[in-house]
There are 2 protein chains.
Amino acid sequence: MKGFAQNSPRIRDVADAAGVSTATVSRALSAPDRVSADTRAIVLKAIEETGYRVNHAARNLRRRQAGGIVVLVPNLANPFFSQILSGITFAMATSGYNVLIADTRQAPNAEHRILDYLHNNRADGLIVLDANLPEDVLSAGDTPNHHPPIVFACEWLDADPRPTVTIDNEEGAKLAIRHLADLGHTRIGHLMGPPDNILTITRAKGARAALAELDLAIRQDWFFDGDFSLASGAAAAHAWLALNDRPTAVFCASDAMACGFIGELHHKGVRVPDEVSVVGFDDIEIAAHFVPSLTTIAQPRALIGETAARKLLALIAEGRENGSATGASDILPVQLVARESSAPPR
Amino acid sequence: MKGFAQNSPRIRDVADAAGVSTATVSRALSAPDRVSADTRAIVLKAIEETGYRVNHAARNLRRRQAGGIVVLVPNLANPFFSQILSGITFAMATSGYNVLIADTRQAPNAEHRILDYLHNNRADGLIVLDANLPEDVLSAGDTPNHHPPIVFACEWLDADPRPTVTIDNEEGAKLAIRHLADLGHTRIGHLMGPPDNILTITRAKGARAALAELDLAIRQDWFFDGDFSLASGAAAAHAWLALNDRPTAVFCASDAMACGFIGELHHKGVRVPDEVSVVGFDDIEIAAHFVPSLTTIAQPRALIGETAARKLLALIAEGRENGSATGASDILPVQLVARESSAPPR
DNA sequence: TAGTTTCATGCAATCGATTACATCGCTGCA
DNA sequence: TGCAGCGATGTAATCGATTGCATGAAACTA
């Protein structure tokens, strides 16, 4: 036995069964209006009877395409991305393209494998959720003709012309700060993401801008370092506790950090929002069920994935016909969701 | 312009550059010891110079394979699965196989597309994380030669001979119940998953067995219905509150439900573990940071994914050589992690 | 030294679907 | 009646890598 693929019917078998040529069968499938209605019916019946399935390898070879798109995820184990993936697969479901996922931070030689994806094999397009890839991997200018279309989602490269799907991060941060100020807080801190990350930078910028608008203090020691993770949120709790002069509210750049922060404070006997108010960012599913439930900036994760996928499909189709690759970018709206973790200061 | 793939070098170009035949180039890549060391070096250099990348469509066509494996996930948006996926992609990274993901509960006509995966195209193997697929889709007996190898992970079909990678669910449930009993609880309830799910059944069975061993009450009204989700945990909180005669501890079949349960009780002013102890199942990342931190049964999710992937690779390789598809199954160990959400009854 | 084996390599068929081009029969118009 | 035009279909080349078989050289055996 050499495998299971042995005796599966080919397009030739269908053609014979239907009494037509393979070309007609092929057309009945991929260009239905190029065959007469009668013939199409006969072919479809023959396909049914033989149990024929197209061989994608052959189709892709002939069409000079890969038949799939690749999603580069910084960390698959991070639940934040699962709903984005869900949106992507949803939008891709009817497209005929496969969805491949690759974890960019995963050994071994991830970099080499990503290059493999980029150089016009394996993928007809890419959705990149990680803008912190090695510089050269994503460099825009070089040999543009050898890259499949790319759409950035969530994260992006500054001053890069390629299309992106993002949310209004700056506005989100402002909403958070204003919300806390509205509650009466005047001493507001910010727990940031990883240093080089564009989201970190943008959200911190928004936070600063809002604080400035409101004439509130912007204190370096109230801007805590983190990396979006639960653990870094817990670590920030210690930093907060160590301060002599503490902010009465902290805006965290991710819900995960907010949960870690609150959880660790709880262990130390500090109550939220009684002693400190907390606002998160993302509105992950657990946010509504956390104790206390988490005030946060909601971003439409599934929609981000869906939008990015549709945009990529459009780019692929466009590139097939002519070369006018438009790089329009979408900015999806964010929304403040007020819950228990934020309250007026004591 | 017709696309980006236009002028990418073919194996012919490499052969010309190296002054050898295409056969030799091909062998230098896929069977290095069939060419002399000298030739191999020359070929590798030529590949480097030309920037050649194999065309996977052509390779797969010739090799009569799909070049990828498919993971069927019941719900991609559920973070529980992301770490399993992470383990799978990790184990697959060096294999040369692509990892495709498909959400089995996603419109439209998901069923049809799954059949597509099953019938020896697109995928050289499947990892199935959802044992509740339509019967006929996964029926074991029919036309076995037309199915690629399948490995079930997490969930499985009862009395199905195909290989599975699971954890010891029954033992996990027993650990949870015994832990609560050790703390002094005698009135213990169980929040279950979706009715037809094999995990629900097995964990409930383990819970019942442990309660029986300990001579504790097994009360129908203390077995709550759920579906593994946060929302169903919150709903169960209302069921618990509605009881006149309440259990002092509840073992939940998933961490998500445990969090939903605790969160909703919190809203109603009921404190955990003061008024009721809670034990979860899964040890998702947030469990350690929840308020209160969650006592739970840890299962090695990344390892499950990794094990399933390796098993599948072995099956694929095996099927290529001879037909002895061994169906050995792995049961990975679980572990109780005691945290704050469980304490002696008042 | 002649015969046999082994190793490295080349030649060319092959995987299965798509599609440019050719063909054929009709319709419609002059 | 004759011919352009059109729609439906067939023929056969093609996509690019792999691999069975053949070949020639080198190494080994008797």
Side-chain angles (χ1 to χ4, degrees), chain A residues 2-43 46-47 50-67 96 116 119-122 124 320, chain B residues 2-43 46-47 50-67 96 116 119-122 124 320:
Chain A
K2 242 190 81 196
F4 47 85
Q6 207 89 57
N7 36 21
S8 91
R10 296 178 293 278
I11 200 171
R12 174 84 265 155
D13 303 319
V14 178
D16 291 349
V20 298
S21 72
T22 60
T24 300
V25 176
S26 176
R27 281 191 281 253
L29 283 174
S30 20
D33 31 333
R34 301 228 13 229
V35 300
S36 71
D38 291 352
T39 315
R40 198 185 320 143
I42 294 173
V43 169
I47 288 176
T50 54
Y52 170 77
R53 310 263 149 176
V54 303
N55 179 316
H56 287 88
R59 163 179 288 179
N60 291 333
L61 171 59
R62 181 56 227 245
R63 287 192 178 161
R64 295 160 140 277
Q65 64 176 17
D116 219 49
H119 289 297
N120 73 35
N121 274 307
R122 292 176 105 98
D124 296 308
R320 208 180 290 296
Chain B
K2 242 191 81 196
F4 47 84
Q6 207 90 60
N7 37 19
S8 92
R10 294 179 293 279
I11 200 169
R12 172 86 266 153
D13 303 318
V14 178
D16 291 349
V20 298
S21 71
T22 60
T24 300
V25 176
S26 175
R27 282 191 278 254
L29 284 173
S30 22
D33 31 334
R34 301 232 7 233
V35 302
S36 72
D38 292 351
T39 315
R40 200 185 318 145
I42 295 172
V43 170
I47 288 175
T50 53
Y52 169 77
R53 311 262 150 175
V54 303
N55 179 316
H56 287 87
R59 165 179 286 180
N60 290 333
L61 171 60
R62 181 57 230 241
R63 287 194 178 159
R64 296 163 140 275
Q65 65 176 16
D116 221 47
H119 288 299
N120 71 36
N121 275 309
R122 290 175 107 98
D124 296 309
R320 209 179 289 299

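Each chain gets a letter, A, B and so on, in the order its sequence line appears, and its residues count up from 1.
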Shortest non-hydrogen contact from B:Ala57 to A:Leu61?
CB-N, 3.6 Å
Please state how far atom CZ in A:Arg53 lies from atom P in C:dA17, giving the value in whole angstrom units.
13 Å
Closest of C:dT19, D:dG10, D:dC15 to the A:Arg64 side chain is D:dC15
Here the residues of residues 15-23 of chain A within 4.0 Å heavy-atom distance, strictly under, of DNA chain C are A:Thr22, A:Ala23
Taking the side chain as every heavy atom from C-beta outward, state whether B:Pro32 and B:Arg40 have any atom pair closer than 4.5 Å.
yes
Measure the distance from NE2 on B:His56 to P on C:dG16 and round it to the nearest whole Å.
19 Å
Using whole Å, report how far CG of B:Asn55 lies from P of D:dA17.
6 Å
For atom CG of B:Leu61 and atom P of C:dA17, their distance in whole Å
9 Å
Hey, is the side chain of B:Tyr52 poking within less than 4.0 Å of OP1 or OP2 on D:dG16, counting only N and O atoms?
no
Nearest nucleotide by nearest heavy atom, which residue falls closer to the 5' end of DNA chain D, A:Thr39 or B:Ser30?
A:Thr39
Using residues 19-27 of chain A as the side-chain source, report each donor-acceptor pair under 3.5 Å to any protein atom, sequence neighbours left out, with the distance given to one decimal.
residue : atom : partner : partner atom : Å
A:Ser21 : OG   : A:Ala23 : N            : 3.4
A:Ser21 : OG   : A:Thr24 : N            : 3.3
A:Ser21 : OG   : A:Thr24 : OG1          : 3.3

Where is the tightest heavy-atom contact between A:Gly67 and A:Asp124, given as atom of each residue plus distance?
N-OD2, 2.6 Å
Output every pair passing salt bridge (Lys or Arg N to Asp or Glu O under 4.0 Å) with a member in residues 16-26 of chain A, not counting sequence neighbours, ordered by first then second residue.
A:Arg12-A:Asp16
Give a yes or no on whether the backbone of B:His56 and the side-chain of A:Arg122 come within a donor-acceptor separation of less than 3.5 Å.
no
Here's a test of your reading of the structure: between B:Val25 and A:Arg59, which maps to the more 5' nucleotide of DNA chain C?
B:Val25
All side-chain contact (heavy atoms from CB on, under 4.5 Å) counterparts of A:Ile47, not counting sequence neighbours:
A:Val14, A:Leu29, A:Val43, A:Leu44, A:Tyr52
Nearest-neighbour nucleotide for the B:Arg62 side chain, C:dA17, C:dT9, C:dC15 considered:
C:dC15
Qualifying residues under side chain to side chain donor-acceptor pair (under 3.5 Å), relative to A:Asn60, sequence neighbours excluded
A:Gln65
Could you give the distance from CD1 (A:Ile42) to OG (A:Ser36), rounded to the nearest 0.5 Å?
7.5 Å
Establish, with yes or no, whether the OP1 or OP2 oxygen of D:dA17 is under 4.0 angstrom from a side-chain nitrogen or oxygen of B:Ser26.
no
Euclidean distance, atom CZ of residue A:Arg27 to atom P of C:dC21 [Å, nearest integer]:
14 Å
To the nearest 10 degrees, the angle between the two end axes of the helix from C:dT1-D:dA30 to C:dA30-D:dT1 (five pairs per end) comes to 40°
Output the rounded distance in Å from CG (A:Asn60) to P (C:dA17).
12 Å
Which residues share a side chain to side chain donor-acceptor pair (under 3.5 Å) with B:Thr50, sequence neighbours left out:
none
Integer-rounded Å distance: D:dT18 C1' and B:Arg12 CZ:
14 Å
On DNA chain C, more 5' by nearest nucleotide between B:Ala58 and B:Arg40 is B:Arg40
Near DNA chain D, counting only heavy atoms under 4.0 Å, which residues of residues 31-38 of chain A show up?
A:Arg34, A:Val35, A:Ser36
Who are the side-chain contact (heavy atoms from CB on, under 4.5 Å) partners of A:Arg62, not counting sequence neighbours?
none
Using whole Å, what does the distance between atom P of nucleotide D:dT9 and atom CD1 of A:Ile11 come to?
15 Å
